[in-house]
A.B. asks: 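Here's a structure for you.
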Amino acid sequence: MSVTYIEAIRLAQESLLREDPRVFIYGQDIGTFGGAFKATKGLKEEFPGRVLDAPISEDAMIGLAVGAAIEGMRPIIEIQFADFSLVGFNQVVNQAGSHFFRTGVPVPLTVRLPSGGTPGSGPFHSQCLESLYAHYPGIVVLTPATVDDAYSMLREAVSIDDPVIYCEHKFLYRWLKAPVIGNEVLPVGKARITRPGKHATVVAYSAMVHEAVRAAERLHEDGGWDIEVVDLRSVKPLDIDTVLASVARTGRLLAVAEDFPWGGVAAEVVSRVVADGFHLLDAPPMRLNARDTPIPYHPRLWAAHRPTPESICDSLRKLLSF
């Protein structure tokens with residue numbers, strides 16, 4: 001038996017519903033249908049009245065959840081695709097994100113965003129919006145890359161008194177598996193050294209962690225390079241201390257992210273390392289993002305659009321040549 005990434009999300013929601021009567025789930029087709037990706041399969045029958053189908057209005061969905069959270073509930077909102085959350089963007093950043101600052105009343109709201117690309121998904125079902133939400137104060141942004149984190153970070157998200165954007169990567173849903181849940185639990189805001197190394201540091205998150213590990217293994221086989229891979233786990237808060245400690249060991253930095261390059265998470269990581277750890281660098285830091293174009297439908301074009309083990313290896317070879 002093994003547990004997939006999407007099953008870990010379903011199990012986390014099941015445990016939250018069982019343990020806390022304040023928790024309810026609201027989203028489109030999440031009841032009888034079980035959600036677009038079956039993350040709520042069977043939960044309506046087990047918890048009647050607390051797994052609720054929503055109208056096709058993300059603005060209304062998040063607005064309802066903000067009000068419920070203000071009144072003491074702990075809502076989980078499922079958005080079918082991260083891209084669609086932009087319809088409710090005002091409710092998240094202007095209402096939920098600023099409410100505690102304005103009133104002293106917390107808004108413990110969790111918004112699940114199925115994020116990132118898959119072959120054939122195209123420009124309206126493939127975006128990574130974590131850097132956009134992280135721009136706004138008062139919002140926590142989580143990006144789990146493992147089955148353990150998919151489970152434990154969703155549970156922790158619901159316990160946080162601030163609004164949380166929980167970015168779950170669709171590409172990992174059924175591909176990523178673990179024999180059990182709970183091998184390693186780290187708190188939100190703490191990065192993980194996924195692969196130790198000494199020649200260069202790759203900072204990544206979400207699905208890009210696995211692509212970075214594949215690239216590191218290829219470079220080790222081809223040239224004996226030991227590449228350290230840091231999984232940020234959360235974009236906001238950002239564990240820059242773990243990143244700086246890694247760069248201190250390796251002297252080189254490549255930040256990898258699937259989102260667009262302008263003003264993204266990779267740019268923030270590079271900026272923070274240059275500002276706080278310039279003296280640690282033996283080479284100019286680099287970043288690798290998706291291309292600055294809308295995301296293509298064709299699977300081959302999609303694969304060429306985002307960072308891959310091949311493009312990560314190419315970037316690392318340039319970095320190691322300094």
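As the structure is a prediction and not an experimental result, all values here were calculated from the model.
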A.B. asks: Within the side chain of Tyr166, is there an N or O that forms a donor-acceptor pair under 3.5 Å with the backbone of Ala150?
C.D. replies: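 At least one qualifying donor-acceptor pair exists.
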
A.B. asks: Where do Leu113 and Ser85 come nearest, in terms of heavy atoms and distance?
C.D. replies: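 So the minimum-distance heavy-atom pair works out to CD2-CB, 3.6 Å.
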
A.B. asks: Group every Ile, Leu, Val, Met, Phe, Trp and Tyr by side-chain heavy-atom contacts under 4.5 Å, then state whether Val235 and Val209 land in the same group.
C.D. replies: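 No; Val209 is not reachable from Val235 via cluster members.
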
A.B. asks: Would the distance check show the side chain of Arg50 and the main-chain N or O of Val23 forming a donor-acceptor pair, the cut-off being under 3.5 Å?
C.D. replies: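 A pair under 3.5 Å: yes.
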
A.B. asks: What about Leu232 and Leu142, same hydrophobic cluster or not, with Ile/Leu/Val/Met/Phe/Trp/Tyr joined at side-chain heavy-atom distances under 4.5 Å?
C.D. replies: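 Result: yes, single cluster for both.
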
A.B. asks: Is the shortest side-chain N to carboxylate O distance from Glu268 to Lys236 below 4.0 Å?
C.D. replies: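 Looking at Lys236 together with Glu268, the answer is no, because their closest N to O distance does not fall below 4.0 Å.
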
A.B. asks: Assess whether salt bridge (Lys or Arg N to Asp or Glu O under 4.0 Å) is satisfied between Glu221 and Arg218, documenting all intermediate values.
C.D. replies: CA-CA 5 Å; Glu221 293 172 0; Arg218 290 185 189 180; over 6 Å; no

A.B. asks: Check the pair Glu7, Lys177 against salt bridge (Lys or Arg N to Asp or Glu O under 4.0 Å), reporting the backbone distance first and the verdict last.
C.D. replies: CA-CA 9 Å; Glu7 181 65 10; Lys177 299 178 182 179; over 6 Å; no

A.B. asks: Give a yes or no on this: more than 12 heavy atoms of other residues, nucleotides or ligands lie within 6.0 Å of atom CZ of Arg300.
C.D. replies: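 Result for CZ/Arg300: open.
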
A.B. asks: Between the side chains of Gln28 and Glu58, does any donor sit under 3.5 Å from an acceptor?
C.D. replies: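 The criterion, which ignores hydrogens and geometry beyond distance, is satisfied for Glu58 and Gln28.
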
A.B. asks: Quick check against the 3.5 Å criterion: does Ser271 have a side-chain atom that pairs as donor or acceptor with the backbone of Ala267?
C.D. replies: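 Such a contact is absent between Ser271 side chain and Ala267 backbone.
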
A.B. asks: State whether the side chain of Arg287 and the backbone N or O of Val265 hold a donor-acceptor pair below 3.5 Å, judged by distance alone.
C.D. replies: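 The answer is no, because no donor-acceptor pair under 3.5 Å joins these two groups.
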
A.B. asks: Provide the closest heavy-atom pair for Ala257 versus Ala266 in the form atom of the first, atom of the second, distance.
C.D. replies: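 Taking every non-hydrogen atom into account, CB-CB, 4.2 Å.
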
A.B. asks: How close do His305 and Phe260 get, heavy atom to heavy atom, and via which atoms?
C.D. replies: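 What the structure gives for the nearest pair is CE1-CE2, 4.0 Å.
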
A.B. asks: Determine, stepwise, if the pair Asp161 / Arg74 fulfils salt bridge (Lys or Arg N to Asp or Glu O under 4.0 Å).
C.D. replies: CA-CA 9 Å; Asp161 283 337; Arg74 299 261 168 181; 2.7 Å; yes

A.B. asks: What pairs of residues pass the side-chain hydrogen bond (donor to acceptor under 3.5 Å, both in side chains) test when at least one of them lies in residues 115-124, not counting sequence neighbours?
C.D. replies: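 Applying side-chain hydrogen bond (donor to acceptor under 3.5 Å, both in side chains) to every pair that reaches into residues 115-124, excluding sequence neighbours, yields Thr118-Ser121.
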
A.B. asks: When you measure from the side chain of Arg272 to the backbone of Val243, do you find a donor-acceptor pair of N or O atoms at a distance under 3.5 Å?
C.D. replies: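 Flag not set: sc Arg272 to bb Val243 has no pair under 3.5 Å.
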
A.B. asks: Tell me if a side-chain donor or acceptor on Thr40 pairs with a main-chain N or O of Leu43 at a distance below 3.5 Å.
C.D. replies: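 Such a contact is absent between Thr40 side chain and Leu43 backbone.
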
A.B. asks: According to a hydrophobic-cluster definition based on side-chain heavy atoms being under 4.5 Å apart (Ile, Leu, Val, Met, Phe, Trp, Tyr only), do Val203 and Leu316 belong together?
C.D. replies: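 No; Leu316 is not reachable from Val203 via cluster members.
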
A.B. asks: Do you know which of Thr146, Leu11, Val3 makes side chain to side chain contact (heavy atoms under 4.5 Å, CB included) with Tyr151?
C.D. replies: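 The residue from Thr146, Leu11, Val3 that satisfies side chain to side chain contact (heavy atoms under 4.5 Å, CB included) with Tyr151 turns out to be Leu11.
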
A.B. asks: Can you name the nearest heavy-atom pair linking Thr250 to Gly197, along with the distance?
C.D. replies: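 For Thr250 and Gly197, the tightest heavy-atom pair comes out as CG2-O, 4.0 Å.
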
A.B. asks: Take the angle between the ring planes of Phe37 and Tyr173 and call it parallel below 30°, perpendicular above 60°, tilted in between.
C.D. replies: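 Rings of Phe37 and Tyr173: tilted, 30 to 60°.
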
A.B. asks: Does the pair Glu258 and Glu211 meet the rule for a side chain to side chain contact (heavy atoms under 4.5 Å, CB included), with working shown?
C.D. replies: CA-CA 10 Å; Glu258 191 177 336; Glu211 307 290 33; over 6 Å; no

A.B. asks: Who are the side-chain contact (heavy atoms from CB on, under 4.5 Å) partners of Ser315, not counting sequence neighbours?
C.D. replies: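 Per chain and number, Ser315 pairs via side-chain contact (heavy atoms from CB on, under 4.5 Å) with Leu254, Met286, Leu288.
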
A.B. asks: Who passes salt bridge (Lys or Arg N to Asp or Glu O under 4.0 Å) against Glu217, sequence neighbours left out?
C.D. replies: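 If we apply the salt bridge (Lys or Arg N to Asp or Glu O under 4.0 Å) test to Glu217, skipping adjacent residues, there are no hits.
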
A.B. asks: Check whether Glu130 reaches the backbone of Cys167 with its side chain - one donor and one acceptor, N or O, closer than 3.5 Å.
C.D. replies: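 The answer is no, because no donor-acceptor pair under 3.5 Å joins these two groups.
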
A.B. asks: Heavy-atom distance under 4.5 Å between the side chains of Arg112 and Ile9, does that happen here?
C.D. replies: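 The answer is yes, as the side chains (C-beta and beyond) meet within the 4.5 Å cut-off.
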
A.B. asks: Is it true that Ser246 and Glu228 share a donor-acceptor pair across their side chains at a distance under 3.5 Å?
C.D. replies: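 Yes - a donor-acceptor pair under 3.5 Å links their side chains.
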
A.B. asks: Evaluate the criterion side chain to side chain contact (heavy atoms under 4.5 Å, CB included) for residue pair Val107 and Ile70; output intermediate values, then yes/no.
C.D. replies: CA-CA 5 Å; Val107 182; Ile70 289 171; 4.0 Å; yes

A.B. asks: Do other residues, nucleotides or ligands put more than 12 heavy atoms under 6.0 Å from the CD atom of Glu71?
C.D. replies: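 Check fails, neighbour count at 12 or below.
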
A.B. asks: Can you tell me how far the CZ atom of Phe100 sits from the CG atom of Asp162, to the nearest 0.5 Å?
C.D. replies: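 Between atom CZ of Phe100 and atom CG of Asp162 there are 7.5 Å.
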
A.B. asks: Within the 4.5 Å heavy-atom criterion, are Val185 and Asp148 side-chain neighbours or not?
C.D. replies: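 No - every pair of side-chain heavy atoms lies 4.5 Å or more apart.
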
A.B. asks: For Trp302 versus Gly117, what's the shortest heavy-atom pair and its separation?
C.D. replies: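 Heavy atoms only, the tightest pair is CZ2-O, 3.3 Å.
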
A.B. asks: Side chain to side chain contact (heavy atoms under 4.5 Å, CB included) between Met61 and Gln91: does it pass, once the steps are laid out?
C.D. replies: CA-CA 9 Å; Met61 289 163 56; Gln91 296 282 10; over 6 Å; no

A.B. asks: Restricting to non-hydrogen atoms, name the atom on Ala145 and the atom on Asp231 that form the minimum distance, rounded to 0.1 Å.
C.D. replies: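 Answer, listing the atom of Ala145 first, then Asp231: CB-OD2, 3.6 Å.
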
A.B. asks: State the CZ-NE2 distance between Arg195 and His220, to the nearest 0.5 angstrom.
C.D. replies: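 Nearest 0.5 Å value for the CZ-NE2 distance: 6.5 Å.
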
A.B. asks: Enter the distance from His210:NE2 to His169:NE2 here, rounded to the nearest 0.5 Å.
C.D. replies: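 Result: 9.5 Å between the selected atoms.
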
A.B. asks: Between the side chain of Asp149 and the main-chain N/O of Pro144, is any donor-acceptor distance below 3.5 Å?
C.D. replies: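 Flag not set: sc Asp149 to bb Pro144 has no pair under 3.5 Å.
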
A.B. asks: Output yes when a side-chain donor or acceptor of Arg174 lies under 3.5 Å from a complementary backbone atom of Ile6, and no otherwise.
C.D. replies: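 Checked: no pair found.
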
A.B. asks: Establish whether Val273 and Val256 are linked, either directly or via other cluster members, by ILVMFWY side-chain heavy-atom contacts under 4.5 Å.
C.D. replies: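 No.
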
A.B. asks: Measure the spacing between CZ of Arg252 and CD1 of Ile227 and express it to the nearest 0.5 Å.
C.D. replies: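 If I round to the nearest 0.5 Å, the distance is 9.5 Å.
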
A.B. asks: Hey, any chance Val111 and Val93 share a hydrophobic cluster, counting ILVMFWY side chains that come within less than 4.5 Å of each other, even indirectly?
C.D. replies: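 Yes, Val111 and Val93 fall within the same hydrophobic cluster.
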
A.B. asks: Kindly say whether Asp259 contributes a backbone atom to a donor-acceptor pair with the side chain of Asn289 at under 3.5 angstrom?
C.D. replies: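 Pair found, side chain donor or acceptor close to backbone of Asp259.
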
A.B. asks: Side chains of Val188 and Val164, heavy atoms from C-beta outward: is any pair under 4.5 Å?
C.D. replies: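 Sidechains of Val164 and Val188: no contact.
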
A.B. asks: We want to know whether Asp83 and His125 form a side-chain donor-acceptor pair, criterion being a heavy-atom distance below 3.5 angstrom.
C.D. replies: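 Judged by distance alone, the side chains do not pair up.
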
A.B. asks: Is Leu301 atom CG crowded by more than 12 heavy atoms from other residues, nucleotides or ligands, each under 6.0 Å away?
C.D. replies: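 Enclosed.
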
A.B. asks: Report yes if the distance between the aromatic ring centroids of Phe89 and Tyr136 is under 6.0 Å, otherwise no.
C.D. replies: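 Aromatic pair counts; centres sit under 6.0 Å.
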
A.B. asks: Nearest 0.5 Å, please: how far is CG in Leu219 from CZ in Arg317?
C.D. replies: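 Rounded to the nearest 0.5 Å, the CZ-CG separation comes to 5.5 Å.
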
A.B. asks: Run the numbers on Phe33 and Lys38 for side chain to side chain contact (heavy atoms under 4.5 Å, CB included), then give the verdict.
C.D. replies: CA-CA 8 Å; Phe33 190 66; Lys38 307 304 180 186; 3.5 Å; yes

A.B. asks: Taking atom CG of Asp20 and atom CE of Met73, what is their separation to the nearest 0.5 Å?
C.D. replies: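 Going from the CG atom of Asp20 to the CE atom of Met73 covers 8.5 Å.
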
